[in-house]
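Let me begin by presenting the structure, written as C-alpha cells, before commenting on it.
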Amino acid sequence: MADEVILGGWTGTQDATEETQKICDAVKDQVEQRTNQKYVVYKAVKFRDQLVAGLKLNIKVFAGEEDYIHLNVFQQLPCKGGNVELLNVEVGKTKYDPIGPFPYC
C-alpha cells in the first residue's frame with residue numbers, strides 16, 4: 001500500500017506482488033473469454049487498488065513481446081466469500097500506458 005491512503009481513493013501505482021498474480025490467475029479464464037485469446041505469457045507487473053465494499057484492482061499484465069493488457073477486478077471481502085470477478089479488460093496497452101481507473105469506475 002502507499003504511505004498515505006485515502007479511504008475510498010485509489011492507491012498509487014505499485015509493483016505487483018504474489019497476491020496480485022494470484023488474483024490475475026483467478027480471472028485468467030474470464031480474460032481469455034472476453035478477449036478471445038489464449039495467453040501463454042500472463043504476468044502481473046503493476047497495480048493500483050481501492051478499498052470499497054471489497055477491493056477493486058486495476059492491474060497491468062505483461063502478455064508477451066511488447067503486449068500488455070489492463071484488468072479491472074473486484075475481490076469480495078473475505079466475510080462475503082472473497083470471490084474474484086473480472087469487471088473489465090483493455091487490450092492493446094503498452095509498458096508505458098498508465099493504469100488509471102477504468103472510464104466507468
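Given the structure is predicted, the values throughout are model-derived calculations rather than measurements.
- In this structure, Ile69 CD1 and Lys93 NZ are separated by 11.5 Å, a value rounded to the nearest 0.5 Å.
- Thr94 approaches Asp97 most closely through the heavy-atom pair N-OD2, 2.7 Å.
- Ionic pairing of Lys46 and Asp15 is present here: one or more N-O contacts between side-chain nitrogen and carboxylate oxygen are shorter than 4.0 angstrom.
- Rounding to the nearest 0.5 Å places CD1 of Ile99 at 4.5 Å from OG1 of Thr13.
- By the 6.0 Å contact criterion, NZ on Lys43 is open, its count of non-hydrogen atoms from other residues, nucleotides or ligands being 12 or less.
- How far CH2 of Trp10 is from CG of Asp49: 7.5 Å, rounded to the nearest 0.5 Å.
- Taking both residues in full, the closest heavy atoms of Val41 and Gly64 are given as CG1-N, 3.6 Å, listed atom of the first, atom of the second, then distance.
- In terms of hydrophobic clustering, with Ile, Leu, Val, Met, Phe, Trp and Tyr side chains grouped at heavy-atom distances under 4.5 Å, Val73 and Leu77 are assigned to different clusters.
- Side-chain heavy atoms closer than 4.5 Å link hydrophobic residues (I, L, V, M, F, W, Y) into clusters, and following such links, even through other members, never connects Val45 to Val91.
- Residue Thr20 holds its OG1 atom at 8.0 Å from CD of Gln14, rounded to the nearest 0.5 Å.
- In this structure the side chain of Tyr39 never reaches within 4.5 angstrom of the side chain of Val61, judged on heavy atoms.
- Atoms CD and CD, from Gln30 and Glu85 in turn, are 7.0 Å apart once rounded to the nearest 0.5 Å.
- We find the CG-CG distance between Asn58 and Leu87 to be 9.0 Å, quoted to the nearest 0.5 Å.
- Judged by distance alone, with hydrogens and angles left aside, the side-chain atoms of Gln21 form a donor-acceptor pair with the main-chain N or O of Ala44 at under 3.5 Å.
- Within the structure, every pair that satisfies the ring pair (Phe, Tyr, Trp, His ring centres under 6.0 Å) test and touches residues 66-91, not counting sequence neighbours, is listed here: Phe62-Tyr68.
- Nearest heavy atoms, Cys24 versus Leu71: SG-CD1, 4.0 Å.
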